[in-house]
Amino acid sequence: MNSVNTSVPKVDSMALVTGKPVYTDDLAPKDCLIVKVLRSPYAHAVIKNIETERALKVPGIECILTHEDCPDKRFTMAGQTYPEPSPYDRRILDDRMRFVGDAAAIIAGVSEKAVEKAMKLVKVEYEVLEPVLDFRKAKDHDILVHPEENWKALCEVGADNKRNLCAHNETQEGDIDQVLNDCKYYVEETYHTKANQQAMMENFCTFTHLDAYGRLNVVSSTQVTFHVRRILSHALDIPKSKIRVVKPRIGGGFGAKQTVVTEVYPALVTIKTGKPAKIVYTREESFIASSPRHEMEVTVRIGADENGIIKGIDVYTLSNTGAYGEHGPTTVGLSGHKSIPLYGKTEAFRFAYDVVYTNVMSAGAYRGYGATQGIFAVESAVNELAHKMGMDPVRLKELNMVREGQKMPAYYGETATSCALDQCVERVKEMISWDEKYPRKDMGNGKVRGVGLALAMQGSGISNVDTAAVTIKVNDDGFYSLIIGASDMGTGCDTILAQMAADCLDCDMDQIVVHGVDTDVSPYDTGSYASSTTYVTGMAVVKTCEVLKEKILKKGAQYLSCPLEEAEFDGKRVFHPESGKEVSLKDIGNQVMCGNEEALQASESHYSPTSPPPFMAGAAEVEVDMETGAVELIDFAAVVDCGTVINPNLARVQTEGGLAQGIGMALYEEILYNEKGKTSANSFMQYKIPTRQDIGNIRVEFQSSYEPTGPFGAKSIGEIVINTPNPAIAEAVYNATGVRVRELPVTAEKIYMGMKDR
């Protein structure tokens, strides 16, 4: 391989470092109407009247739209496959406000100054209602978040809007209660993770216009280009054929842009006015009206026998979807299905969950997608079980962790066809010097250091669901166009897919031109989420290249007048070894432009019936001030098994970035609401994310396995990398102080109060 497993620079790196206009707001026409959303100041209210006459008199105001101006159709903003598991519970604008920041009206004008002035003149009369803010009390509450009759669920996910239920399910194997009763060692604890913001650099933004044919053109910073087209079709009640969606460069998403947060607002303005329109969320809007991680409370029951074999795991997750159900039924599943399978010797398991509506900002997708919350809980419970047994937690993990060839419990009957988790643990122990540092070391200055280690797994796409296709064509002069439907959001998928194509076609990468996503041109791809691009789209590239090579060979043999079975292709030429005749790829590319009956291109699609998980071990070393409880992360070591590493540099950047986000969740980040449902976390002054100075020393290595169903043996890496810091840091703090923090983030106050209580 010349390109795969090589640290090739990103194909768009020069455009980025030279400041070329590549992002959505860079590309928007100068004459776009500026669109802003008037937001509800109440967590729960009904609009009785909206007075817009004075606001419409402001010079430059084009339109002010209310719930009376949009279709009375429910839809979901979740960018998921169809039919979406998330309930249809939204309108573009509604007369019922369900959280502080919900959309009450849309104002569009020729300048931001005019729109902001008009917003102050719109008068809304509300009937203020009592909100449901405590997600522990939301199920079967007297107050309903969604009392409307046209609410509906397309899939059987246990949803019932008359019970404030977005989803409910329970699965089990074996008699979990009996198995746990028979265990010598037993732990039952509840763990709480708060909602977190993705905090990507580029805020949500979209611009829209009508083309010469009257079709709605949408340019948006989105991870799910084709899903945006479908969602807009439902929301606006117009055919998909009348909509085109283009994805330019994305300045980060991390799952936030798997939800259609902004697209509906300028689209409605353009439909109503016929004029181009643009919306760019402020940072405050991106904090108060977006799609953060689901808050979850996870109760774990776990038991082991006298030999340290974990016999049963019982997980119940209560998830807070907020005002709307985007991703609610699906994120919660990963809290059990990506945590329980880490331990392969269980005789029984149970996984149950409830997802509830409340009157806070609706949650959505965030890197890790529920696995992050569940792994924090299960790994913490395993650590607590080990301490109860008087055993090193890592030894307990080594005795029980899943290994290659084992059937993974609670993982849809799949077998671990590639798994180097045992090697990851062995290596990360060496990197952190576990045997020398465990459990703690008194530094002699009032500070104590402790270490903690955690395991994690994720998936590689959604089995039997995620679909990807690519098109590759030979151009004149013999260079290739690689047309993809996957959304590169800074991860470098344009680059790694080109690397795979280059090796499949035996050519240099500079012979391949990558084209981003345009729903009018690109082949269908479900989008960049669920860690699917490398694994699913990568296999589509491999399959397409094989078909295209056969076509090149066939065309070359025709030009050489030799039997097809005797011709060979080496990436540069088709040749006939026996006669010595040859024709270059350049000449083939030029000849097919004249007198040709078959296009020299191929397009293949791929999906997978399995989702082979990547695995990871992460270890943290922290230092705690025993007088104040202040905690500092000193070192974090991580070893990842993502199969074959396609691009080591990009994989390392992915891992380091994911670890930094996980560290932020573990130590700093949380969305809090007051008694009226308003969040104070509306800027980077209030919502704390770690800087480079806060994350200590991060070290990353790879321990590759070979996944037979993946391209070049590859699995995913995008999401798993966020999952180990939470349990590893919480365990390190416990080993240093004896204080077990079961509610994230782990703060100095919680440690101090815990030490004081002890």
Side-chain angles (χ1 to χ4, degrees), residues 79-81 85 155 169 171 173 223-224 255 258 327 329-344 349 351 365 367-372 374-375 378 401-421 455-469 486 491 493 496 525-543 605-616 640-644 646 654 658 704-723:
Q80 298 173 299
T81 190
C155 299
N169 194 28
T171 58
E173 185 176 291
Q223 299 172 221
V224 286
Q258 195 189 335
H327 301 281
T330 43
T331 50
V332 69
L334 276 66
S335 69
H337 294 307
K338 297 294 193 296
S339 58
I340 297 171
L342 280 167
Y343 297 97
F349 75 85
F351 174 42
R367 192 179 207 162
Y369 204 78
T372 314
I375 286 172
V378 170
M401 62 186 173
V402 67
R403 296 175 185 267
E404 189 164 300
Q406 283 186 334
K407 179 182 175 182
M408 294 174 283
Y411 200 68
Y412 320 107
E414 289 191 30
T415 298
T417 51
S418 58
C419 178
L421 182 57
L455 313 181
M457 62 179 287
Q458 196 73 37
S460 298
I462 305 173
S463 57
N464 291 306
V465 172
D466 282 349
T467 300
T491 54
C493 78
I496 63 169
D525 192 294
T526 46
S528 294
Y529 62 88
S531 303
S532 62
T533 305
T534 299
Y535 179 72
V536 181
T537 312
M539 278 305 297
V541 168
V542 172
K543 291 167 66 173
S605 184
H606 181 72
Y607 87 101
S608 176
T610 61
S611 177
F615 295 95
M616 179 178 182
V640 185
D641 162 26
C642 58
T644 299
I646 302 297
Q654 283 282 288
S704 295
S705 59
Y706 185 88
E707 173 50 48
T709 65
F712 297 90
K715 298 185 286 189
S716 71
I717 193 172
E719 291 183 280
I720 187 175
V721 291
I722 200 174
N723 291 334

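All figures in this text were calculated on a predicted structure; none of them were measured in a lab. Positions are given from 1 along the sequence.
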Item checked: Spacing of S705 atom OG and F615 atom CZ [to the nearest 0.5 Å] -> 8.0 Å
Check: Hey, does the side chain of T81 reach the backbone of V465 with a donor-acceptor pair shorter than 3.5 angstrom?
Finding: no
Next item on the list: For T330 and Y369, run side chain to side chain donor-acceptor pair (under 3.5 Å): C-alpha distance rounded to whole Å, both residues' side-chain angles, the deciding distance at 0.1 Å, then the answer.
Entry: CA-CA 8 Å; T330 43; Y369 204 78; 2.6 Å; yes
Notebook entry, point to check: If you round to the nearest 0.5 Å, how far is OG1 of T526 from CD1 of I462?
Noted result: 7.5 Å
Next item on the list: State the OH-OG distance between Y706 and S418, to the nearest 0.5 angstrom.
Entry: 10.5 Å
Next item on the list: Over all heavy atoms of both residues, which pair between M457 and I375 is shortest? Give the atoms and the distance, please.
Entry: O-CD1, 3.6 Å
Note to self: I need the single residue from I720, T372, N723, V721 that forms a side-chain contact (heavy atoms from CB on, under 4.5 Å) with R367. Which is it?
What the structure shows: V721
Item checked: For P708, side-chain contact (heavy atoms from CB on, under 4.5 Å) partners two or more places apart -> T417
Next item on the list: Scan residues 706-715 for pairs that pass salt bridge (Lys or Arg N to Asp or Glu O under 4.0 Å), counting only residues two or more places apart or in two chains.
Entry: D641-K715
Notebook entry, point to check: Does any N or O in the side chain of Q223 come within less than 3.5 Å of the main-chain N or O of G255, such that one atom is a donor and the other an acceptor?
Noted result: yes
Item checked: Stepwise side-chain contact (heavy atoms from CB on, under 4.5 Å) test for V536 and H606 -> CA-CA 6 Å; V536 181; H606 181 72; 4.3 Å; yes
Notebook entry, point to check: About how many Å separate NE2 of H327 and CD of Q258, when rounded to the nearest 0.5 Å?
Noted result: 4.0 Å
Checklist line | Shortest non-hydrogen separation from S532 to Y529 and the atoms involved | finding: OG-O, 2.8 Å
Next item on the list: Could you tell me whether a side-chain N or O of Y411 sits under 3.5 Å from a main-chain N or O of I340, the two making a donor and an acceptor?
Entry: no
Margin query: Which heavy atom of S611 sits nearest to which heavy atom of G461, and what is that distance?
Written below: OG-O, 2.7 Å
Note to self: To the nearest 0.5 Å, what is the distance between CD on E414 and OG on S463?
What the structure shows: 5.5 Å
Check: Hey, does M401 have a side-chain heavy atom less than 4.5 Å from the side chain of L455?
Finding: yes
Next item on the list: Please report the shortest heavy-atom distance between S339 and V378, naming the atom on each side.
Entry: OG-CG2, 3.5 Å
Check: Does Y412 have any ring-ring contact (aromatic ring centres under 6.0 Å, His included) partners at least two apart in sequence or in another chain, and if so, which?
Finding: H337
Notebook entry, point to check: If you take all heavy atoms of G368 and Q458, which pair is closest and at what distance?
Noted result: O-NE2, 3.2 Å
Item checked: Contact summary for P409 and P341, nearest pair of heavy atoms -> O-CG, 3.0 Å
Margin query: I'd like to know if the side chain of E173 and the backbone of F349 have a donor-acceptor N/O pair within less than 3.5 Å.
Written below: no
Checklist line | Q406 side chain to A416 backbone, donor-acceptor under 3.5 Å | finding: no
Note to self: Is the shortest side-chain heavy-atom distance between P609 and N464 below 4.5 Å?
What the structure shows: yes
Checklist line | Short side-chain to backbone donor-acceptor contact, S531 and S460, under 3.5 Å | finding: no
Next item on the list: Kindly determine whether S608 and Y535 satisfy side chain to side chain donor-acceptor pair (under 3.5 Å), including the steps that lead there.
Entry: CA-CA 9 Å; S608 176; Y535 179 72; 3.0 Å; yes
Next item on the list: Measure from the side-chain N and O atoms of T331 to the backbone N and O of G370, and report whether any donor-acceptor pair falls under 3.5 Å.
Entry: no
Notebook entry, point to check: Checking side chain to side chain donor-acceptor pair (under 3.5 Å) for the pair D525/T537: CA distance, chi angles, key distance, verdict?
Noted result: CA-CA 8 Å; D525 192 294; T537 312; 3.0 Å; yes
Note to self: Keeping K338 on the side-chain end and G459 on the backbone end, is there a donor-acceptor pair under 3.5 Å?
What the structure shows: no
Next item on the list: Indicate yes or no for a side-chain donor-acceptor contact from T415 to the backbone of G413 under 3.5 Å, with no hydrogens or angles considered.
Entry: no
Item checked: Exam field: side chain S528 to backbone A486, donor-acceptor pair closer than 3.5 Å -> no
Item checked: Check: V541 and P711 side chains under 4.5 Å, non-hydrogen atoms -> no
Notebook entry, point to check: Atom CD1 of I717 and atom OG1 of T533: how far apart are they, to the nearest 0.5 Å?
Noted result: 13.0 Å
